Enquirer: 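Take this structure, written in C-alpha cells, and hold onto it; I'll ask about it next.
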Amino acid sequence: MDLARLLFETLRLPRPDNAPPASLATAWAAASTRGLARLVLYEGCALWLARRLREIGASPEPSFRAWLEQRAHDETARNMLVDAESHATLEFLSREDVPHVLLKGTARRAGATLFPYADARATHDVDILVPETRARGLWDRLRASGYAPVPPPEGVIPSTIHHLPPLSSRTRVSVELHTSTSRGVPVEEGWRRATSGGLEVERNDMRMRIPSATELLWHGAAHALSHEEQAFRLRFLLDVAVICASGAHLDWRAVAARLDAGEIADVHRARAWLGAAARLGDTDLPPEVAAGVPAFETERALRWRVAVLRRVEPSARAAEKLLGEGTRVEIGMGLTPTVPGTTLFQRGRRRIAAVMARGAYLLWRGLSP
C-alpha cells in the first residue's frame, strides 16, 4: 500500500457500527514515512493522525512517530488556550445576559462528545454568534477590559460583513463576535439557522450552545470553500467528515436547497468537496446533494502532494505553485490568478510559474498508474 493510500485509509473515520481494518497497523510498521512530516504539516492533520494511529495500534518509524507526537502535543496545548478563552468569553456573555451560540472550530470542539474527532485539529480563535443589537456594546466592553484589536495579516483586506473586528485576549487568542453565520446570510436568517434545532452540550463543566449537525456541516463547507483550492486540504475536509461519521441526523434536503440557491458560488466545486468530506466520514452523499458530480480524488491529490513534498519544503514557492495547480486542475479551476496592483513583469512571471506547475502536474498524472 503506497503512503498516500495508507494515510487516507488511516484517517477515514469509521461510522459507529464499523471498525478499521487490522491490516492498517501492519502496513504502518513496514511503511516508509519519507516526506510524511511535511505532508502532515501541509494538510494540518497532526492531531487527527496521532489519534488514529493510537486507536489502531500502529507504530510507524520511530523518528516520525516522535515528531508526530510532539506536533500533536503542541497543537493540544494551543487548543487548551482556545478552550480557556472560550470559557472566559462565555462567562462574560452569561454575566451580560446575552444569548449566544458557538460557531466553527469552537463549536466543533464543544461538540466533540457528539461528533468524535471534531476537536482533532488545531483551533486558533473563538467564534461566537450574538444578536446584532448587542454586538457593538459587547465589543466595546471587551476592549475596555483589556482586549486589543487584531491587525489583519499583511496584504489582507479585513472583512467584517458578518462579524466585528477580531479582538485578542491576554493569551493572544482572537475572539470574533459574529452577527451572522457567514457572508451573504442576513442577520435574522443566520440567527434562525444557528438556534433552530441547536444543541446544548457540556464541556469543561460548562453548558454551551452549538448549532445543529446540519448547520455545523453547512458552516464547515461554506467556510472551507471560501478558501478556493486550499479547501481541499485535509484539515478543512475533517470539519464535515466528523459530522458525517457521527451518524447524526442531517437535513440533506436543506443542504441541497442551499446549493441550488447558489449560497456557495461554485456549486460544482461544493458538491465535489462535500463528496470528498463524506467519503472521509465513511458516508455516501444522497443523490440530491451529489447531483452526479464525482467526489474530489483525495487519494490522488495526496499522492501528488507526497511526490512534491518529498523534494520541496511546503513553505517554498515551488511547492505552493505545484500543490495549488494540481488541486485546481482536479476541481476544474483556471490558472492561479495574478495579483492586482503588481507590475506587468510580476504578473507575467506568476502566470508562467502557474503554467509550468500545471504542466508538471498533468505530466505526472498522465504517467501515474
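Bear in mind that the values here come from a model prediction, so they are computed numbers and not experimental data. For reference, positions follow the sequence shown, starting with 1.
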Enquirer: Within the side chain of Thr171, is there an N or O that forms a donor-acceptor pair under 3.5 Å with the backbone of Leu81?
Expert: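 No, Thr171 side chain to Leu81 backbone: no donor-acceptor pair under 3.5 Å.
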
Enquirer: Apply the salt bridge (Lys or Arg N to Asp or Glu O under 4.0 Å) test between Glu215 and each candidate in Arg108, Arg192, Arg258; give the one that qualifies.
Expert: Arg258

Enquirer: Please check this pair: side chain of His100 against backbone of Val98, looking for a donor-acceptor N/O pair closer than 3.5 Å.
Expert: yes

Enquirer: List, by chain and then residue number, the residues other than Ile352 in its hydrophobic cluster (Ile/Leu/Val/Met/Phe/Trp/Tyr, side-chain heavy atoms under 4.5 Å); write none if there are no others.
Expert: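 Other cluster members: Met356.
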
Enquirer: Can you sort out the partners of Tyr361 under ring pair (Phe, Tyr, Trp, His ring centres under 6.0 Å), two or more places apart, ordered by chain and number?
Expert: Trp304, Trp364

Enquirer: Can you pull the ring pair (Phe, Tyr, Trp, His ring centres under 6.0 Å) pairs that have at least one residue in residues 166-193, sequence neighbours excluded?
Expert: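 Qualifying pairs: His162-His178, His163-His178.
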
Enquirer: Would you call Arg271 and Asp260 a salt bridge, taking side-chain N to carboxylate O under 4.0 Å as the test?
Expert: yes

Enquirer: Got a sec, which residues hit side-chain contact (heavy atoms from CB on, under 4.5 Å) with Ala46, two or more places apart in sequence or on another chain?
Expert: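 Checked Ala46 against side-chain contact (heavy atoms from CB on, under 4.5 Å); matches are Val40, Leu68, Arg71, Glu75.
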
Enquirer: Just wondering, are more than 12 heavy atoms of other shown residues or ligands nearer than 6.0 Å to CG in Asp74?
Expert: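 Yes, CG of Asp74 has more than 12 neighbouring heavy atoms, counting only those of other groups under 6.0 Å.
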
Enquirer: Only one of Asp140, Leu142, Thr179 forms a side-chain contact (heavy atoms from CB on, under 4.5 Å) with Leu164, so which one is it?
Expert: Thr179

Enquirer: So that I can tick it off, tell me whether Arg12 and Glu299 are bridged by a salt bridge, with the cut-off set at under 4.0 angstrom between side-chain N and carboxylate O.
Expert: no

Enquirer: Is it true that Glu189 and Arg193 make a salt bridge, defined as a side-chain N closer than 4.0 Å to a carboxylate O?
Expert: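 Looking at Arg193 together with Glu189, the answer is yes, because their closest N to O distance falls below 4.0 Å.
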
Enquirer: Before giving the answer on side chain to side chain donor-acceptor pair (under 3.5 Å), spell out for Thr10 and Trp28 the whole-Å C-alpha distance, their side-chain angles and the decisive distance to 0.1 Å.
Expert: CA-CA 9 Å; Thr10 301; Trp28 275 108; 2.8 Å; yes

Enquirer: Taking Arg305 as the fixed residue, which of Glu43, Glu330, Glu297, Glu320 is the one that meets the salt bridge (Lys or Arg N to Asp or Glu O under 4.0 Å) rule?
Expert: Glu43

Enquirer: Provide the full list of side chain to side chain donor-acceptor pair (under 3.5 Å) pairs with a residue in residues 346-357, sequence neighbours left out, each pair given once.
Expert: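 For residues 346-357: Thr343-Gln346.
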
Enquirer: Taking side-chain contact (heavy atoms from CB on, under 4.5 Å) as the definition, give me every residue that meets it alongside Leu114, ordered by chain and number, with sequence neighbours left out.
Expert: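 Here the qualifying residues are Leu199, Val201.
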
